Amino acid sequence: MPDQAQLLPGTLDLLILKAVSLGPLHGYGILLRIGQISGQALLIEQGALYPALFRLVRQGLLKASWGTSENNRRAKFYELTAVGRKRLREETDGWNRLAAAIASALAAKPEEV
Amino acid sequence: MKLLAWMRSLAGGVFRRTRIDNEMEEELRSHIEHRADDLERSGMARAEAERRARIEFGGHERYKEECREAIAGNVIDILLKDVRLSIRVLRKSPGFTLVAVLTLALAIGANAVAFGVLNGLILRPLNVPQAETLYGTEYGDGSGWQSYPNYIDLRDRNRSFESLAAWKFVFVGLDTGNDPIRATGFATSGNYFDVLGIKPHLGRFYHSHDEHGPNSAPYIVLSYGFWHSKFQDDRSVVGRVIRINRHPFTIIGVAPRGFRGTLLFVSSPEFFMPIVNQEQADGWSALNARGNQGGVFDAFGHLKPGVTPAQAIADVNSVGDYLRRTYPSEFGRTKSSLSRVGLSAFGRPARAFVAGLMLLAGMLLLAACANLGSLFSAHAADRAREVALRLALGSSRRRVLRQLLTEAVLISAAGGAAGLLAGVILLTRLSTWRPFPGAPVQLPVAPDGSVYAIALILALLSGLLFGIVPLRQVLRIDAYQVVKAGPSGRPGRRLALRDVLVAVQVAICAVLVTSSIVAVRGLVRSLNGEFGFEPRNAVVACVDLATSGYTGEQVPDMQKRAIRAMAAIPGVERVGLVNNYPPLVYAAAGRANVFKDDTTELNTSNVAGTPYAYDVSPGYFAAAGTRILAGRDLNWHDDGRALPVAVVNQTFAVRFFGSISGAVGGRFRRQDGRRVEVIGVVENGKYMSLTEEPQPAMFSPFLQSPSAQACLIMRSSREPQELLAIMRGKLRDLGAGPPTETGTWDSLLEVVRFPSRVATVSLGVLGIMGAMLCITGIFGIAAYSVSRRLKELGIRLALGARRKELLHAALGHALRLLAAGSVAGLALGVLASRVLASIVYQATPRDPFVLASVVVIMFSVGLLATWIPAQRALSIDPLRLLREE
């Protein structure tokens with residue numbers, strides 16, 4: 001998969017929050033969902049997901065509960081808390097501003113300077 | 001909110017650790033199975049799918065570890081894991097662990113003891129309310145002694161103290177109905193207990209309004225300890241009449257349990273009595289003798305609110321100025337200051353001693369830290385491969401460092417606990433130790449909470465200090481290089497931090513060794529020094545005839561009879577008598593003002609000298625072993641009817657008359673106007689302390705100034721205890737009462753030798769500790785150097801290197817460090833020893849013996865410390881070594 005991009009530091013948390021905001025998911029599901037919504041363009045090492053999940057739970061942005069998956073296996077499902085939803089909004093705004101700024105910077109032409 | 005959640009998970013974490021671990025494991029497994037399901041659906045066999053899923057997942061354990069770290073509750077979990085691993089690691093290298101723990105135990109123990117002494121003597125206030133505003137007054141020469149009339153003037157004229165109390169020691173015969181016993185008491189001013197603000201355990205205390213002139217208040221207050229041991233806690237003692245030197249006194253109360261008098265160095269007095277009745281206890285009255293500085297031992301009081309110590313000193317000085325103007329012939333002292341109550345005149349030397357002790361103990365701790373730092377650094381270097389493997393397997397550097405630090409803290413905890421235990425045992429024994437059977441001296445250094453706290457803090461601090469030494473080293477490890485090439489790399493030629501640490505440590509140890517040798521040498525000299533008398537083969541028995549009721553002319557008569565009786569004992573060669581105490585015993589020598597013969601106005605500005613003044617019997621010099629340099633001894637005709645005469649010492653003769661021969665026949669005047677003729681000159685001696693410069697002294701015939709308190713000196717080669725028993729019997733038969741003080745003169749000198757002995761023993765112990773630290777330090781660096789260069793040495797040996805070259809290569813570095821450190825330490829030690837000279841008699845660093853022994857000791861230390869590493873280097877088998885590599 002040569003076209004996959006490395007994640008920028010700190011973006012994994014944002015992606016997880018986004019993925020979970022679309023509906024409760026277990027860990028593997030989050031991974032699939034990120035792949036799906038990013039068009040398989042982002043590379044996430046599978047195991048690296050879990051420390052991030054535990055961190056988000058500790059920060060009170062996610063809550064977790066055990067349930068049964070579509071494969072009929074026991075799995076831990078994550079969903080957003082109210083705080084998590086608020087954080088997702090803020091981070092999305094921040095990200096968009098940053099992306100716009102960088103995009104505009106990169107689009108600059110010599111005559112505009 | 002965040003903090004709360006963190007704390008909740010921290011608290012929960014302790015209990016839910018295993019549950020969380022199981023859940024985490026299940027979740028990760030669930031992930032892998034879901035992935036495997038997906039792979040299986042794409043056509044892979046189940047077993048292959050599961051294998052692929054696991055590989056894709058990545059470092060299972062590493063992520064689990066990171067998850068644990070993500071949960072704050074795992075702080076304790078990780079700590080426990082670290083501790084367990086550290087214990088395993090330390091158990092694998094028992095030699096290293098033992099050396100490290102012992103090193104730290106030594107240093108922490110020394111510091112616990114030094115702090116215990118500081119705490120007991122300087123920091124801990126007297127056990128009375130508001131002790132921090134309680135101040136004692138000193139009159140200029142560093143002691144609280146003053147005359148009773150001066151105290152009264154100071155009490156009434158000062159404007160700084162709320163009220164000023166005073167006390168002096170009394171040593172009496174106490175008759176409670178059966179056998180009279182010797183007892184030590186405080187004769188105190190009436191306001192003593194009121195100034196201290198303490199309440200009696202039983203009955204009442206006496207007060208200022210009980211004082212109505214001399215011998216007007218025959219009341220006695222028992223100390224709690226004496227009441228407990230002598231009266232078995234009998235509450236009906238209040239109101240009972242007992243006798244002090246045959247004078248009736250009424251017991252009016254018992255002092256509270258924790259109150260042990262107002263002098264820290266002495267054990268609790270047995271009783272308290274009003275100072276206005278002092279004459280009945282002492283046999284002479286101090287109440288009107290303005291010139292007698294022995295009337296009051298210490299005066300103290302609470303400063304008025306808002307008065308600073310500086311203002312109080314100025315105030316006390318102005319009273320002193322007034323007294324000097326008003327009583328020019330009787331008030332000799334110049335400047336006053338304030339002291340801490342409880343230490344009195346001992347404050348300054350005690351502070352100097354404790355400061356020295358703290359300094360040396362601190363240096364010892366520093367040396368230990370340097371030592372442990374280099375040990376840890378070497379240890380970490382030896383483990384570079386292990387660390388590299390852990391890093392390669394996904395451990396974080398932080399985790400590795402944390403684990404190394406845990407090891408350091410574990411060692412510091414173990415060493416600290418061992419050192420503290422030893423220190424506490426030593427302090428407890430010291431505090432119950434009575435250094436002199438005859439004198440109620442004690443060291444109030446029982447350990448308390450602050451000693452434990454300080455030792456613990458020091459241990460942990462030093463653990464962190466030496467724990468971070470290998471920090472940079474670990475951070476620099478390149479896991480790939482180390483795993484590939486082995487940890488040996490190139491032995492660095494440049495000066496490493498470790499080398500500096502070793503050199504510093506050796507230097508500190510050399511300072512300790514130098515100081516201790518200087519001190520021990522000084523003590524040996526002072527034991528063999530010139531006292532101006534011969535304390536060996538001499539016994540002393542002091543008799544206080546006042547306690548048996550003798551007065552006036554009865555006193556010298558009885559003393560003459562006692563001398564004759566003693567001389568009749570078989571085996572006794574010489575007998576002499578000296579008033580009060582003989583030289584150096586209890587440092588109770590009195591001084592007297594003397595004037596030139598032609599002086600007409602006998603006031604303080606015309607004083608020609610203040611020699612030590614003794615009253616002695618004929619034959620005293622022969623009994624004491626003091627050589628007569630010129631003129632004659634006193635004889636029995638030099639009594640109250642003859643002209644006043646005196647024997648003076650060499651310093652007196654030279655200062656006053658220019659030469660020894662010129663002194664005989666010369667005259668001087670005493671304070672009372674008497675013209676005294678010098679009839680003889682004796683050699684110089686020590687009178688007050690072992691460290692004093694030559695002082696003038698004069699010896700008057702005891703028949704011309706009788707004193708009820710006197711000591712008999714007997715020279716005999718008979719067994720002293722046997723002789724003393726016969727003496728006691730003879731004195732009883734004569735009706736002179738029981739002797740107050742008996743013993744060989746040598747043993748009574750213990751008191752003056754005590755300070756230098758304590759200083760010497762502490763310095764000696766610190767020196768030995770320093771040498772031991774030095775051995776472990778050099779051993780560590782040498783062993784490390786050999787183990788690190790084993791391969792190189794093996795190759796050298798295989799290529800035909802000789803043993804000498806091999807040893808040079810293996811140990812040269814360590815020995816060079818030792819030499820450099822020793823030279824620096826020796827130089828510093830010589831400088832430091834100048835300070836010692838003030839405490840330890842005849843301590844001089846410019847002594848070839850000292851220099852030589854330091855060099856020899858440091859050399860032996862080096863030999864001892866490098867012995868095992870040298871053996872290891874010599875026993876290298878190059879074949880085996882190269883095969884193993």
Side-chain angles (χ1 to χ4, degrees), chain A residues 1 4 6-7 9-10 12-13 16-17 19-20 24-36 40 42-79 81-84 86-87, chain B residues 1-13 16 19-42 46 49-50 52-75 77-78 394 396 399:
Chain A
M1 289 178 270
Q4 281 188 329
Q6 290 281 348
L7 275 186
L12 178 60
D13 287 10
I16 292 174
L17 290 178
V20 174
L25 287 168
H26 54 76
Y28 183 60
I30 294 173
L31 204 67
L32 292 182
R33 176 70 53 82
I34 292 176
Q36 181 200 351
Q40 311 297 341
L42 295 173
L43 174 73
I44 300 171
E45 213 184 342
Q46 297 187 12
L49 186 66
Y50 286 90
L53 283 173
F54 277 95
R55 198 165 51 240
L56 291 170
V57 169
R58 198 193 76 201
Q59 289 170 3
L61 304 178
L62 294 182
K63 62 181 177 207
S65 56
W66 286 89
T68 313
S69 74
E70 61 286 356
N71 293 15
N72 219 6
R73 291 188 187 280
R74 239 171 88 74
K76 205 164 155 195
F77 284 79
Y78 294 88
E79 56 185 312
T81 63
V83 187
K86 187 161 161 263
R87 173 69 65 85
Chain B
M1 152 71 215
K2 206 170 142 189
L3 181 74
L4 207 71
W6 182 81
M7 271 165 53
R8 206 181 307 130
S9 64
L10 183 73
R16 294 176 315 175
R19 198 169 62 86
I20 286 178
D21 242 31
N22 290 343
E23 251 183 44
M24 197 187 296
E25 182 59 41
E26 189 179 351
E27 189 178 2
L28 299 189
R29 205 171 49 235
S30 158
H31 175 110
I32 289 168
E33 279 170 358
H34 277 96
R35 176 64 186 156
D37 289 348
D38 274 4
L39 291 170
E40 200 178 5
R41 265 197 293 279
S42 67
R46 180 70 199 178
E50 279 184 5
R52 270 293 298 277
R54 270 200 295 275
I55 292 172
E56 281 180 13
F57 188 82
H60 191 93
E61 281 304 316
R62 179 183 139 203
Y63 287 128
K64 243 169 84 177
E65 186 69 23
E66 282 181 18
C67 286
R68 280 198 206 101
E69 282 185 24
I71 311 170
N74 71 345
V75 169
D77 183 37
I78 289 179
S396 68
R399 190 68 204 280

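Chain letters run A, B, ... following the sequence lines, proteins first and then strands; every chain starts at 1. Computed from a predicted structure; not experimentally measured.
A:Tyr50 has its side chain out of reach of B:Lys64: every pair of non-hydrogen atoms, C-beta onward, lies at least 4.5 Å apart. Using a 4.5 Å heavy-atom cutoff, the side chains of B:Tyr63 and A:Gln46 are not in contact.
To the nearest 0.5 Å, atoms CE (B:Met24) and NZ (A:Lys76) are separated by 8.0 Å. Taking CG of A:Leu31 as the start and NE2 of B:His31 as the end, the distance is 5.5 Å to the nearest 0.5 Å. For the atom pair SG (B:Cys67) and CZ (A:Phe54), the distance works out to 4.5 Å, reported to the nearest 0.5 Å. Note that the CD atom of B:Glu33 and the OH atom of A:Tyr28 stand 12.5 Å from one another [nearest 0.5 Å].
Considering only residues two or more places apart in sequence or on other chains, A:Glu79 meets the salt bridge (Lys or Arg N to Asp or Glu O under 4.0 Å) condition with none of them. Listed by chain and number, the residues in a salt bridge (Lys or Arg N to Asp or Glu O under 4.0 Å) with B:Arg52 are B:Glu56 (sequence neighbours excluded).
Looking at A:Leu32, only its side chain comes within 4.5 Å of chain B, counting heavy atoms on both sides. Interface residue A:Ala48: backbone and side-chain heavy atoms are both found under 4.5 Å from chain B. For B:Arg41, the part lying near chain A is the side chain, with the backbone staying farther off; criterion is any non-hydrogen pair under 4.5 Å.
With hydrogens and angles left out, the side-chain atoms of A:Ser69 and B:His34 include a donor and acceptor closer than 3.5 Å.
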